[in-house]
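Atoms within a ligand are numbered from 1 in the order they appear, just like the ligands themselves. Position 1 is the first residue of the sequence, and the numbers go up from there. Worth knowing before you read on, the calculation uses all heavy atoms, side chains too, and leaves out hydrogens, waters and symmetry mates.
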Amino acid sequence: MQKTMKAAVVEKPNVMVMKEVPVPEINDDEVLIKVKFTGICGTDYSIFTGKYSSDKLPLIPGHEFSGTLVKAGKNARNLKEGDKVTADINMSCGHCFYCRRGQKLMCPEFSQLGIHINGTYAEYVKAPWGQVHRLPDSMDFMIGAFIEPTSCIIHSAKAMNLSIGSSVAILGAGLGVLHAAVAKHRGAAPVIVLARNPKKLALAKEFGADYTINVKEVKDPVAEVRKLTEGRGADYVVESVGTIATYEQAFSMVRPGGTLAAFGITAGDDVMRLKPFDVVLGERTIVGSCAGFGTDWNDAIALLQYGRIKPKPLFSLVVPLEELESALKELKTNPNLTKVFVSSEISKREVLS
Ligand SMILES: [Zn+2]
Ligand SMILES: [Zn+2]
């Protein structure tokens, strides 16, 4: 087997270098995976620009992935060479205060593949065997690379306890489109998606939104949501943009007794205005949700395997690993791009939809 591999390394903020690095060595509890596809996530751009994980550089990012198992450590059970796999990227100590309460994301030793430790913008990646999920035979590798973002949406729906017959307003039509799909599967009605890009709003409809609101075309998005919910505001509101303006709008859309799901990631020092009065007298709830882990991954696999979520209309492009940096920038400047995948196994880009 080859000793070195191609990898995209963020060496310091805004400096990404394609280089040959050693293929990761595995211990008895790890497996080595040949990466097939990695989906580009907003977090990758934040790592590239140094807004996130800058203390972990140099780093190979990439965390939404699928691949083929090429080597299994001695202790790996139920896994063998040639298995089509992905891996839950969320790792923790397993025995601290938080881990024992099923809150591993808060573990002091928490780390994520491709965010805190080397990830999948490379030919190979290693992962602890217990994190690995085998893909169903019928699932293609590209869908396999979409399990991670799907698991995050499922985690958020569970965190806010989205219930049957409830109204949901979703701000943002990037991952917001997936929030709409999952809300519909949990029996929400109506599902309302607010965003500014007509193409993405059309996708939101396709994925289960009953109403879409183009925020560029209306004077007051909050008033529009109230109109669709008998004047009350929505039972649940999901913020999936990550700006202070949209967080403040989102909170204003929550009906008394309702819930805001905080999903969009803002800068670490961003501060929103919030009237405690509306929380106390209105008994409004705010729930945070950061990542899908554990059974969220099994749930994501089931929904994708059985076509409850059919994500292919969201897939825009697949580009060679060498084009990662330009693709990260294109995603920032071309609002019509949705999911872009990266592969070290192709030499020129392919348009998917
Ligand atoms: Zn991600
Ligand atoms: Zn822990």
Side-chain angles (χ1 to χ4, degrees), residues 8 10 29 35 37-49 51-53 56 59-67 86-122 125 127-128 130-131 133 142-157 159 172-179 182 238-242 261-266 288-294 296-297 299-301 304 309 311 314-316 318 324 327-328 331-332 337-342:
V10 178
D29 293 312
V35 180
F37 292 114
T38 301
I40 297 182
C41 169
T43 308
D44 299 331
Y45 188 80
S46 301
I47 293 170
F48 170 60
T49 55
K51 287 206 176 66
Y52 203 71
S53 274
K56 306 293 180 198
L59 178 80
I60 303 170
H63 60 272
E64 302 178 1
F65 82 105
S66 62
T86 183
D88 183 339
I89 63 168
N90 302 286
M91 290 172 262
S92 69
C93 78
H95 52 75
C96 71
F97 176 91
Y98 294 105
C99 286
R100 286 187 170 153
R101 282 158 185 78
Q103 297 176 313
K104 75 189 286 190
L105 304 180
M106 275 86 240
C107 173
E109 289 174 39
F110 178 65
S111 70
Q112 290 174 304
L113 189 97
I115 294 171
H116 308 103
I117 56 174
N118 281 340
T120 61
Y121 290 129
V125 68
Q131 302 286 123
H133 289 265
M142 212 171 259
I143 302 271
F146 202 66
I147 293 168
E148 193 277 339
T150 306
S151 77
C152 295
I153 307 298
I154 289 170
H155 187 78
S156 157
L175 282 179
V177 168
L178 269 191
H179 281 288
V182 171
V238 180
E239 204 291 347
S240 186
V241 179
F263 186 84
I265 300 179
T266 63
S289 103
C290 145
F293 62 90
D296 301 328
W297 282 65
D299 300 343
I301 290 169
L304 291 165
I309 294 175
L314 300 175
F315 297 176
S316 301
V318 54
L324 171 59
L328 283 170
L331 274 161
K332 284 284 152 188
L337 285 179
T338 46
K339 185 52 76 181
V340 175
F341 293 96
V342 173

Q: Nearest 10° is fine: what angle sits at the Zn ion (ligand 2) between SG from Cys107 and SG from Cys99?
A: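 SG of Cys107 and SG of Cys99 make an angle of 110° at the Zn ion (ligand 2), to the nearest 10°.
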
Q: Answer yes or no as to whether an N/O/S atom of His95 is found below 2.8 Å from the Zn ion (ligand 2).
A: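 Given the 2.8 Å cut-off, His95 does not count as a ligand of the Zn ion (ligand 2).
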
Q: Anything under 30° is parallel, anything over 60° is perpendicular, the rest tilted; go ahead and classify His179 against Phe263.
A: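 Taking Phe263 first and then His179, their aromatic rings stand perpendicular (interplane angle over 60°).
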
Q | Cys41 N/O/S atom closer than 2.8 Å to the Zn ion (ligand 1) | A |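 Checking the Zn ion (ligand 1) against Cys41, an N, O or S atom does fall under 2.8 Å.
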
Q | Lys NZ or Arg CZ of Lys332 over Tyr45 ring: under 6.0 Å, within 45° | A |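 Yes, a cation-pi geometry holds between Lys332 and Tyr45.
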
Q: Of all N, O or S atoms in Glu64, identify the one at the shortest distance from the Zn ion (ligand 1).
A: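 In Glu64, the heteroatom (N, O or S) nearest the Zn ion (ligand 1) is OE2.
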
(Q) So, of the N/O/S atoms that His63 has, which is the nearest one to the Zn ion (ligand 1)? (A)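 This turns out to be NE2.
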
(Q) So, taking the atom named CG in Asp44 and the one named OG1 in Thr49, what distance separates them when rounded to the nearest 0.5 Å? (A)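 If I round to the nearest 0.5 Å, the distance is 10.5 Å.
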
Q: Using atom types as modelled and distance alone, determine if a side-chain donor or acceptor of Gln131 lies under 3.5 Å from a backbone N or O of Asp88.
A: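 Yes; at least one donor-acceptor contact below 3.5 Å.
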
Q) If we only count heavy atoms from C-beta on, is the Phe37 to Glu64 side-chain gap below 4.5 Å? A)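 They are not in side-chain contact.
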
